[in-house]
Protein chains: 2
Amino acid sequence: MKSYAKNVQSIKNDNRATILNLIRKAPVSRAEISAVAGLSKSSVTMITNALISEGQVREIGTEESTVGRKRILLDIVADYRFAAGIILHRRDIKVCLTDLKGEVITRASTAIENFRSADEVIDYTVNTVFELIDRLSLKKEDCIGIGISCPGPLDITRGVVLSPPHLDMLHNVAFCDKIREKTGMNVSLENNAVLLAMRENLIRDKMQNFMSVIISHGIGSAVVTAGEIYRGALGFSGELGHISVVADGLRCPCGNCGCLERYVSLSALKEHFGFTDYKQKVDMAYEGDEEALSVLRYITTYLGSGLVSAVNLFDLDAVILHGDYSYRPELLNGMLKKYINKNSVVAAVHGVEVISSPERNDRAEGNSTAAIIEQYFDQILEG
Amino acid sequence: MKSYAKNVQSIKNDNRATILNLIRKAPVSRAEISAVAGLSKSSVTMITNALISEGQVREIGTEESTVGRKRILLDIVADYRFAAGIILHRRDIKVCLTDLKGEVITRASTAIENFRSADEVIDYTVNTVFELIDRLSLKKEDCIGIGISCPGPLDITRGVVLSPPHLDMLHNVAFCDKIREKTGMNVSLENNAVLLAMRENLIRDKMQNFMSVIISHGIGSAVVTAGEIYRGALGFSGELGHISVVADGLRCPCGNCGCLERYVSLSALKEHFGFTDYKQKVDMAYEGDEEALSVLRYITTYLGSGLVSAVNLFDLDAVILHGDYSYRPELLNGMLKKYINKNSVVAAVHGVEVISSPERNDRAEGNSTAAIIEQYFDQILEG
DNA sequence: CTCCATTAGTTCAAACCTTAAACTAATTGC
DNA sequence: GCAATTAGTTTAAGGTTTGAACTAATGGAG
């Protein structure tokens, strides 16, 4: 059962949040807010003017119009507050600060080899966050929280990293708790695929049901449904990498057999075919090389099979692919799209889009604060 | 983004719905409602008394207490309104009326062989609904709507039956629209697994994230997450039967290869092992018969593999099995539970329950109106 | 250049709902 | 019979949305 707004005050907060989130998606005028949110013009005026006088929102000019008064566009004040991000990457640990739009303001990083224990990681990240804040002469109180981005299975309710081998010093350490303790800040741990999907959800307005998949040495995934991140029993993200594509197939470190990750991750590909340069193979495939094409067909069969399962279970409109397979993606994309639309039951009702989007490291840093920012805008507070 | 309550009136409706849904789950007192819903005692009094004077709710006695005034239990008036249900079963088409608790008041049915065309089905069901209403001297205006239960993939937005072969005369017919036209009533088409999950969601209070699976000649499934039915892009239910358990495996009529349904439905079992009496095999397995045990191991591997994928993707707490495998289920259940907990990634965070629950035809009829009833209680109207 | 039609945004009293506080009602144990 | 306790009711107060009437801004026609 949904939890409804209860009293008159909570309505105000809800409407503030609705409006602020609309503005956050893209600059809009009061009139548009009134139309989209279903609130009266009077209410929109009251609330937006309050937001403006608090310094959270500002007017950024007018829209063109053919007749009548021009609409005054409202935008959030991106530097009204800021957020800190920690990125537990495969090769290094990064720290950054972003504004409320997720744009990186400043950054730092150190190679993963420099860390021997969880405490070292904790000390480095906490100190660096404070250093960056100082360097920009920001106020600690204006930091809305620290978002941690990590690949692989996590236990986000406990704030614990479970899986990726290069972070074994963090396994089963109360990482979030310790950072919260040392900083006194709001701390959130999230899967990097979930963070990516959050950001995409903000941008892709029309797309309401999709899965974001990141494939590199492992496979990460997250699902957006009805315009919201899908959360399971304990906030565990959709683990596409550990979907079983071959019952009784190759054994996976996770304990299961036949996991997708054992077939189509970059490492699995190397193990299966013996080559290391995926990009080179793709180039050859474009030139018609039969062996290279067979590699793409192999990927299509296994990845397609896993995606069909996901599409059928979640009833998805689209799949967005990130990571290494995004190199010259037209060929593989076309094969996957054909495979999925031919083989999924939902295709009988609606088509399924397959989109490739190059994962820039830049974006990955900005994404790290996506969950903290979302949290911030969802529980709107006075002043 | 969530759609929030907007104005002061909508708050009232929301609170009415919250309270009515609480009462509907199980009889409660005003004091409990106040505590659980987070509403003040005054509001609860106001709203419940309004509901009572409208005839939607009644007091049904008091609870025992050790000290202080006894709590007065409130229950919904089950026959305040009624709903009609149409069940498109494998062997017959059933029509029934249920009260607001989903209890069947009256029923009728005809063998599927009697129908040659969609129009015949439409005429029969519509006429029978009116006949049953007349027979019980009920008022047509008190019927909250007609729920249609159907196995297999549906397009619930268009209200069209897509799949099961025995209903081929209904394929791509605007079934819901025509029935809505002829009756002027609210009509809803739902997958039978979804309806079952709705009912279970109402009953199983603690369980918030589970999948209901019905296995007989096909496989149907539905997911409840965060205490609500999961809905994908177009309300398509989670199609566990068409999850791919063997990439490039057995061809399925749906177009895909290696669908779970091709391995562990009753028909697939018959095809694979050549036997027809599943119950007999189970009996033999309990006596230690090695061949019979190998059948259960086969089911465990394939069904388990599919369930692991679903559990990993949806992050589920539990799987509830219905249908033919519910015969003496302890043995198979134990094997499945062990398999799933050993092989799923989420098991690292929380255990996964496997529950067998015999599917009674009786219940299937009552379930047919579950969606209409849910809809009714979610959009509460005055008087 | 003025006037008008049109759209955007503002002001304010009215309507409505929840709620805290103070109340009554019912029940047990001493 | 009385105190203690819990359940349920009444009522005035407080806060929010809103419709209606308003002002503001803009383009085009005459």
Side-chain angles (χ1 to χ4, degrees), chain A residues 3-20 22-23 27-53 57-75 380-383, chain B residues 3-20 22-23 27-53 57-75 380-383:
Chain A
S3 99
Y4 295 110
K6 284 181 271 280
N7 53 39
V8 190
Q9 281 91 305
S10 67
I11 264 199
K12 189 183 183 184
N13 277 344
D14 286 358
N15 286 340
R16 274 172 70 96
T18 303
I19 289 177
L20 206 43
L22 265 174
I23 297 174
V28 278
S29 67
R30 292 174 180 81
E32 282 171 289
I33 294 172
S34 171
V36 173
L39 288 161
S40 69
K41 289 195 297 175
S42 356
S43 307
V44 175
T45 293
M46 305 270 283
I47 294 172
T48 51
N49 287 354
L51 291 169
I52 288 171
S53 73
V57 167
R58 67 198 171 105
E59 300 186 337
I60 56 159
T62 55
E63 256 183 338
E64 281 312 298
S65 71
T66 51
V67 62
R69 182 174 171 177
K70 286 178 183 167
R71 298 171 163 195
I72 304 166
L73 289 177
L74 301 172
D75 195 8
I380 284 307
L381 14 94
E382 295 295 321
Chain B
S3 97
Y4 295 109
K6 285 180 272 279
N7 52 37
V8 190
Q9 282 91 305
S10 70
I11 266 199
K12 188 184 183 184
N13 277 344
D14 285 359
N15 286 340
R16 274 172 70 97
T18 304
I19 289 178
L20 207 43
L22 265 175
I23 296 174
V28 279
S29 67
R30 291 173 180 81
E32 283 171 289
I33 293 172
S34 170
V36 173
L39 288 162
S40 69
K41 289 196 298 174
S42 357
S43 306
V44 175
T45 293
M46 304 271 284
I47 295 171
T48 52
N49 287 354
L51 291 170
I52 289 172
S53 74
V57 167
R58 67 198 171 105
E59 300 186 336
I60 58 160
T62 56
E63 258 182 338
E64 279 314 297
S65 72
T66 52
V67 62
R69 179 172 172 178
K70 287 176 181 169
R71 296 169 164 197
I72 303 165
L73 290 178
L74 300 172
D75 196 8
I380 284 307
L381 13 92
E382 296 294 321

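Numbered from 1 within each chain, the chains take letters A, B, ... in sequence-line order.
Residue B:I11 has its side chain nearest to C:dC17 when only D:dT17, C:dC17, C:dT10 are considered. In this structure, the nucleotide among D:dT11, C:dA8, C:dG9 sitting nearest to the side chain of A:R71 is C:dA8. Out of C:dG9, C:dC17, C:dT27, the shortest distance to the side chain of B:K70 is found at C:dT27. Here D:dT17 is the nucleotide among D:dT17, C:dT18, C:dC17 with the atom lying nearest to any side-chain atom of A:N15.
Interface remark: the A:R69 side chain does form a donor-acceptor pair with the C:dA8 base, using a distance-only criterion of under 3.5 Å.
Of the two residues contacting DNA chain D, namely B:N49 and A:G38, the nearest-nucleotide position lying further toward the 5' end is that of B:N49. Each of A:A31 and A:Q9 lies near DNA chain C, and the nucleotide nearest A:A31 is the one positioned closer to the 5' end.
The line from CD1 of B:I23 to OG1 of B:T48 is 7.0 Å long, rounded to the nearest 0.5 Å. Remark: A:L39 CG to A:T18 OG1 distance equals 7.0 Å, nearest 0.5 Å. Between A:L20 atom CG and A:R16 atom CZ the span is 7.5 Å, to the nearest 0.5 Å.
One atom, CD of B:E59, and another, C1' of D:dT9, lie 13 Å apart when rounded to the nearest Å. Rounded to an integer number of Å, the gap from B:L74 CG to D:dA7 C1' is 12 Å. If you take CE of A:M46 and C1' of D:dT18, they are 10 Å apart, rounded to a whole angstrom. A straight line from CG of B:D14 to C1' of C:dC16 spans 15 Å, rounded to a whole angstrom. Residue B:E64 contributes atom CD, which lies 20 Å from atom P of D:dT5 at whole-angstrom precision. Regarding A:E63, its CD atom lies at a distance of 15 Å from the C1' atom of D:dA25, rounded to whole Å. For the pair A:I19 CD1 and D:dT17 P, the interatomic distance rounds to 8 Å; values are reported in whole Å. Here D:dT9 presents its C1' atom at 11 Å from CD1 of B:I72, a figure rounded to the nearest Å.
Here B:E59 does not pair with B:R71 in a salt bridge; the nearest charged N to carboxylate O distance is not below 4.0 Å.
Using a 4.0 Å heavy-atom distance criterion, A:T62 is classed as making no nucleic acid contact. Note on A:V67: only backbone sugar-phosphate atoms sit closer than 4.0 angstrom, heavy atoms only; bases stay farther off.
When the side-chain nitrogen and oxygen atoms of B:R30 are compared with OP1 and OP2 of D:dT6, none of them lie within a distance under 4.0 Å.
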Are there any protein N/O atoms within less than 3.5 Å of an N/O atom in nucleotides 19-22 of chain D, and if so, which ones and at what distance?
from   : atom 1 : to    : atom 2 : distance (Å)
D:dG19 : N7     : A:S42 : OG     : 3.4
D:dG19 : O6     : A:S42 : OG     : 2.6

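B:K12 is not listed as a side-chain neighbour of B:N15, based on a closest heavy-atom distance of 4.5 Å or more. The shortest distance between side-chain heavy atoms of B:I72 and B:S29 does not fall below 4.5 Å.
Side-chain contact of B:S40 with B:S43: a donor-acceptor pair under 3.5 Å is present, judged by distance alone.
In terms of heavy-atom proximity, B:A50 sits nearest to B:S53 at O-OG, 3.0 Å.
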